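Only this structure's heavy atoms are used, side chains among them; waters, hydrogens and symmetry mates stay out. The model shown is predicted, which means the values in this text are computed figures rather than measured ones. Note that ligands are numbered from 1 as they come in the structure, with each ligand's atoms numbered from 1 the same way.
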Amino acid sequence: MVLLLFGPPGSGKGTQSGRIADWLGIPAISTGDMLREEIQAGTPLGAAAKSIMAGGGLVGDDLVNRMLAQRVSAPDSAHGFLLDGYPRTVEQAEFLDGLLAERHLQTPIVLHLDVPMDALVGRLTSRRQCPKCKRIYNLLQMPPRVPGVCDDDGTPLITRKDDSEEVVTERIRTYDEVTRPVLAYYQDRKYHQIRGDRSPSYIFEEITGILEPLVSKNGASCCAKAKAKQSSDGFAAL
Ligand SMILES: [Zn+2]
């Protein structure tokens with residue numbers, strides 16, 4: 001099963017991504033995290049990405065596509081995977097279609113966490129951080145025990161610059177602009193819009209409700225195919 005998870009900053013996408021991946025026993029792959037890891041490890045790919053970003057540019061489709069293709073050919077992805085932060089452009093979405101067809105994997109299931117702009121701004125601007133231990137609090141969902149100070153070390157909490165209302169609004173607007181054409185690309189496929197302005201547990205329950213019938217109906221045949229492919233072309237050796 002291949003899942004694509006979309007959601008604006010502040011939608012709780014990271015939390016859901018981890019829970020879904022654990023539940024299905026597939027890896028959650030974040031292309032943003034991968035790029036950072038490649039750069040840190042100093043791989044040729046990381047070096048290329050680093051020089052692009054140092055020049056203020058965005059890492060291009062070609063590089064991200066190559067990185068993704070390499071990652072999903074790892075043995076842990078043979079039965080499927082969850083993608084977070086990819087595809088970010090229609091070109092990447094087309095590339096992914098080709099890649100999945102090549103591997104005899106089914107078309108992806110798209111989960112779109114949709115949260116109204118006001119709710120997102122409210123959530124993100126109520127974030128506070130401890131400048132000493134870096135712990136993140138949220139005045140709405142996860143407030144400190146004593147208002148204004150860190151539970152662990154008593155340091156006064158601060159609002160990070162990128163959590164100011166102006167910056168938050170701009171981040172959401174950019175996300176929306178970039179993502180809209182990609183969501184449109186998937187609209188008439190296995191596309192599920194999920195209301196993200198509810199508790200994480202409630203959202204997770206809705207997601208498992210969507211996926212459960214698909215797992216029991218298609219899971220076996222999809223995995224059998226992946227297994228057959230794995231043994232026929234020495235997949236495990238990669
Ligand atoms: Zn602290």
For this session: Give every residue pair that meets the side-chain hydrogen bond (donor to acceptor under 3.5 Å, both in side chains) criterion with at least one member in residues 82-95, sequence neighbours excluded.
Result: Lys13-Asp84, Asp61-Thr89, Asp61-Gln92, Asn65-Tyr86
Exercise. Within a radius below 2.8 Å of the Zn ion (ligand 1), how many protein N, O or S atoms are present?
Worked result: 5
For this session: Using a cut-off of 6.0 Å, state whether more than 12 heavy atoms not belonging to Glu205 lie near its atom CD.
Result: no
Exercise. Relative to the ring of Phe204, is the ring of Trp23 parallel (under 30°), tilted (30 to 60°) or perpendicular (over 60°)?
Worked result: perpendicular
For this session: Apply side-chain contact (heavy atoms from CB on, under 4.5 Å) to the pair Tyr175 and Phe6, showing each step before the final yes or no.
Result: CA-CA 10 Å; Tyr175 167 85; Phe6 290 94; 3.8 Å; yes
Problem set entry | CZ-CD distance between Arg180 and Gln187, expressed to the nearest 0.5 angstrom | 11.5 Å
Problem set entry | Identified side-chain contact (heavy atoms from CB on, under 4.5 Å) counterpart of Leu111 within the set Leu82, Leu4, Leu5 | Leu5
